[in-house]
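See structure below.
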Amino acid sequence: MSERLRLKKNADRRLKAGHLWLYSNEIDIDETPLKGIEPGAQAVVEAANGKPMGIAYVNPHSLICARVVSRDANVRLDRSLLVHRFNQALALRKRLFDKPFYRLVHGEGDLLPGLIVDRFDDVLVVQLNTLGMEHLGEEVVAALDKVLSPRAIVFKNDTSGRRLENLEHQVEVVQGTLPEQVLMEENGVRFSVPVLGGQKTGWFFDHRANRSWLNHLVAGKRVLDVFSYVGGWGVQAAAHGASEVLCVDSSSDALAQVAENAALNGLAEQVTVAEADAFEALMTLKAEGEQFDVIILDPPAFIRKRKDIPNWERAYSRLNREAIRLLGRDGLLLSASCSMHLAQERLIECVRGAVRHQDRHGQVIYQGGQGPDHPVHPAIPETAYLKALGVRVFRD
């Protein structure tokens, strides 16, 4: 391999600690000019003394200019290595789950930066989020076919991260035939998943364990599921004995899917839907004198950039404040955030302030994160993004 990336002196510390990212200001551009490397190409990463440290794919136009794919400078990320990594990832999921519904590949957490694969039995949904992975699209399909022989492989390449890499959106079935309904099961409840038109890959597997925790506490309760999407939280609550569930979302398509998923489980009578902006819905429900025993707040990633943190922290605080006004005297709030820029302690602070604003008491009785099919890379804090708080909210 002729391409090389020479690091500046002492710029190899993070790599030695296990990190997979290289920033453009860490490269010795006098020795190895970034602009001389074709975007998407793979290169040998060298320490300042010239010692090989591994293989990375390169995008000279991105702040993260290279992502390490192997510590062995003699290999390439190709179909063979992809098959090996997919088998490693599959072995973990088979140990964790007894049914084939999970995130199969979680980017850096599975040593495949820029690649996401969600598995819905014999349907695989793939996201190629970087230029380096985009170049390997055909090899990814071939490797997945070899490891799992799926009925269909879908490319769901419509993430915001692709824009940062100057990649176009692409949503299509790239192999096989997609069944009319893509069905999956989570915590004993069945769902139809909109893999082509839905958010992300069509489903959010990361909250599986958090939903399981809440499912044990909803029997006989009146439940409000805000930002419900297709009913992951709300339909499961109904299936586990909630007396009544209201799912609120701004998308009519998502709510149609909620109704379908409720019917799929024989829960049509327990689950109702409301199409509305979350903040407006919370205020309207309060004005109408509504009250709930359990409220779920699982918003999209409000905070996308570090500079946005103060504004969006205020939004999280307001959201929790409005929700708590709708809780009965002894209620349960499930407050979540998938924004990696919002630290766990800051989410707790948002909830604390919201509880006190309503002159109530709060007890954090559960702190959850992403499920084990979304492994955290110990050297990359950004891979630990999901927070879920279970908070008992009560009056004296």
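Because the structure is a prediction, the values reported are computed rather than measured.
- In this structure, Glu139 has no side chain to side chain donor-acceptor pair (under 3.5 Å) partners at least two apart in sequence or on a different chain.
- Residues satisfying the side chain to side chain contact (heavy atoms under 4.5 Å, CB included) test with Arg392, not counting sequence neighbours, are Asp330, Gln363, Phe394.
- Counting Ile, Leu, Val, Met, Phe, Trp and Tyr side chains that sit under 4.5 Å apart, directly or through other members, Leu183 shares a hydrophobic cluster with Leu264.
- Partners of Gln291 under the side chain to side chain contact (heavy atoms under 4.5 Å, CB included) rule, at least two apart in sequence or in another chain, do not exist in this structure.
- Ile116 belongs to no hydrophobic cluster, as no Ile, Leu, Val, Met, Phe, Trp or Tyr side chain comes under 4.5 Å of its own.
- For residues 253-276, no pair satisfies salt bridge (Lys or Arg N to Asp or Glu O under 4.0 Å), with sequence neighbours left out.
- Each salt bridge (Lys or Arg N to Asp or Glu O under 4.0 Å) pair with one or both residues in residues 178-195, not counting sequence neighbours, appears once here: Lys99-Glu185, Glu186-Arg211.
- For Tyr57, the ring-ring contact (aromatic ring centres under 6.0 Å, His included) test picks out no residue, with sequence neighbours left out.
- Looking at residues two or more places apart in sequence or on another chain, you find no side chain to side chain donor-acceptor pair (under 3.5 Å) involving Glu280.
- Considering only residues two or more places apart in sequence or on other chains, Asp293 meets the side chain to side chain contact (heavy atoms under 4.5 Å, CB included) condition with Lys221, Arg222.
- Hydrophobic clustering, defined by side-chain heavy atoms of Ile, Leu, Val, Met, Phe, Trp and Tyr closer than 4.5 Å, groups Trp21 together with Leu5, Leu7, Leu15, Leu20, Leu22, Tyr23, Ile27, Ile29, Leu34, Ile37, Val45, Met53, Val58, Leu63, Ile64, Val68, Leu111, Ile380.
- With sequence neighbours excluded, the residues satisfying side chain to side chain contact (heavy atoms under 4.5 Å, CB included) with His61 are Pro39, Asn59.
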